[in-house]
Trainee: 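Quick one: the structure is below, and I'll ask about it shortly.
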Amino acid sequence: MAEGVKPRVKAPSKAAAGEAVVLKTLISHQMESGQRKNADGTPIPRSIINRFTCEFNGKSVIDVKMEPAISTNPYFEFEAVIPEAGDLKFTWYDDDGSVYEDTKSVAIG
Amino acid sequence: LTVLPFRANAAADDAIAAFTGGAAMADTGVTLTAPEIAENGNTVPISVESEGAVAIMVLAAGNPTPGVATFTFGELAGAHAASTRIRLAGTQDVIAIAQMADGSFAKASSNVKVTIGGCGG
């Protein structure tokens with residue numbers, strides 16, 4: 001149902017061991033709140049991304065429960081500690097059951 | 001007598017009670033950064049920070065549904081802080097409540113004046 005959903009993640013490719021790095025994520029999504037009405041006056045059904053998670057090598061960094069008050073094209077900025085080389089995994093869960101994923105590798109150096 | 005926000009909302013109180021279990025909330029320990037005036041209620045940048053928090057819930061008390069987001073920090077969270085963009089239906093208080101590792105709670109709120117509401121109703 002949701003068309004043109006494209007995740008974008010900005011993460012450093014290198015970090016010092018134990019360093020906290022800033023991550024920025026944006027995913028294009030209309031985030032229909034369920035409050036709007038179309039021209040006929042019938043409410044447009046809710047269709048949002050309801051959860052976002054970030055993990056590093058399987059360990060949780062952040063887990064966000066999202067509600068309709070999150071803006072169109074949800075943006076998140078947060079920090080993660082990088083203890084060793086590995087992969088950052090970003091996952092978005094849509095109301096319609098779709099799951100969108102992105103992965104960024106981080107090297108130590 | 002205080003001026004009521006955009007819409008007095010018992011649902012926000014219910015959401016707070018569900019999160020805290022009715023526990024008392026400290027006034028310090030959580031920082032909520034929001035603009036004083038938001039020209040466009042469709043996308044209002046906010047950030048929350050609370051050292052030592054395990055979770056931070058953000059509420060918009062004047063929205064048709066008060067819930068905004070709940071951030072749960074994992075073991076690899078760098079700073080217990082996050083930024084995002086939210087929708088506000090009108091001028092109102094935005095509330096952040098942090099749950100600390102020891103089970104206590106802290107609350108911060110910030111009034112945001114909204115020029116154009118973000119609910120398209």
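Since the model is a prediction, treat every value here as computed from it, not as a measurement. Within every chain, numbering begins at 1; the chains are lettered A, B, ... in the order of the sequence lines, protein sequences first and strands thereafter.
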Trainee: I'd like to know whether Ser33(A) forms a side-chain contact (heavy atoms from CB on, under 4.5 Å) with Arg87(B), so could you lay out the CA-CA distance, the side-chain angles of the two residues, the decisive distance to 0.1 Å, and finally the verdict.
Mentor: CA-CA 10 Å; Ser33(A) 69; Arg87(B) 290 182 178 130; 3.7 Å; yes

Trainee: Find the distance between CD1 (Ile86(B)) and OH (Tyr75(A)) and round it off to the nearest 0.5 Å.
Mentor: 14.5 Å

Trainee: I'd like to know if Ile95(B) and Ile46(B) are part of one continuous hydrophobic network [Ile/Leu/Val/Met/Phe/Trp/Tyr, side-chain heavy atoms within less than 4.5 Å].
Mentor: no

Trainee: Tell me, with the steps shown, if Phe76(A) and Phe71(B) meet side-chain contact (heavy atoms from CB on, under 4.5 Å).
Mentor: CA-CA 11 Å; Phe76(A) 290 106; Phe71(B) 302 93; 3.6 Å; yes

Trainee: Has Glu101(A) got more than 12 heavy atoms of other residues, nucleotides or ligands less than 6.0 Å from its CD?
Mentor: yes

Trainee: Of the non-hydrogen atoms in Ala82(B) and Ile62(A), which two are nearest, and what is the gap between them?
Mentor: CB-CD1, 4.2 Å

Trainee: Could you go step by step and tell me if His80(B) and Glu79(A) meet the side-chain contact (heavy atoms from CB on, under 4.5 Å) rule?
Mentor: CA-CA 8 Å; His80(B) 290 196; Glu79(A) 290 184 25; over 6 Å; no

Trainee: Among Thr25(A), Asn73(A), Val64(A), which residue forms the greatest number of heavy-atom pairs with chain B at distances under 4.5 Å?
Mentor: Val64(A)

Trainee: Go through Ser71(A), Pro74(A), Ser60(A) and name the one with the most non-hydrogen pairs under 4.5 angstrom from chain B.
Mentor: Ser71(A)

Trainee: Do Leu88(A) and Val22(A) share a hydrophobic cluster, counting only Ile, Leu, Val, Met, Phe, Trp and Tyr and linking them when any side-chain heavy atoms are less than 4.5 Å apart?
Mentor: no

Trainee: Would one find more than 12 heavy atoms of other residues, nucleotides or ligands at under 6.0 Å from atom CD of Glu51(B)?
Mentor: no

Trainee: Test Ile70(A) against every option in Val58(B), Val68(B), Thr43(B) by the side-chain contact (heavy atoms from CB on, under 4.5 Å) rule and name the one that passes.
Mentor: Val68(B)

Trainee: Verify the distance criterion only: is there a donor paired with an acceptor across the side chains of Thr72(A) and Arg85(B) at less than 3.5 Å?
Mentor: no

Trainee: Could you tell me which portion of Pro83(A) (side chain, backbone, both or neither) has an atom closer than 4.5 angstrom to a non-hydrogen atom of chain B?
Mentor: side chain

Trainee: Should the heavy atoms of other residues, nucleotides or ligands under 6.0 Å from CG of Asp27(B) be counted, would the total exceed 12?
Mentor: no

Trainee: Quick check on the hydrophobic clustering: are Ile97(B) and Leu32(B) connected, directly or via other members, by side-chain heavy-atom contacts under 4.5 Å?
Mentor: no

Trainee: Could you tell me which non-hydrogen atom of Ala69(A) sits nearest to which non-hydrogen atom of Asn63(B), and how far apart they are?
Mentor: CB-ND2, 3.6 Å

Trainee: Please check if Ile56(B) and Phe105(B) belong to a single hydrophobic cluster, counting links between Ile, Leu, Val, Met, Phe, Trp and Tyr side chain heavy atoms closer than 4.5 Å.
Mentor: no

Trainee: Contact between Thr65(B) and Gln35(A) at the side-chain level, heavy atoms closer than 4.5 Å - yes or no?
Mentor: yes

Trainee: Run the numbers on Thr70(B) and Met66(A) for side-chain contact (heavy atoms from CB on, under 4.5 Å), then give the verdict.
Mentor: CA-CA 7 Å; Thr70(B) 305; Met66(A) 295 156 70; over 6 Å; no

Trainee: Within this structure, what is the CD-CG distance for the pair Glu67(A) and Leu59(B), rounded to the nearest 0.5 Å?
Mentor: 8.0 Å

Trainee: Cluster question for you: counting only ILVMFWY and a side-chain heavy-atom cut-off of under 4.5 Å, with indirect links fine, are Phe73(B) and Met57(B) together?
Mentor: no

Trainee: Quick one: what part of Ala81(B) sits under 4.5 Å from any heavy atom of chain A, side chain, backbone, both or neither?
Mentor: backbone

Trainee: Examine whether an atom of Leu26(A) lies under 4.5 Å from a heavy atom of chain B, and if so say whether it belongs to the side chain, the backbone or both; otherwise answer neither.
Mentor: side chain

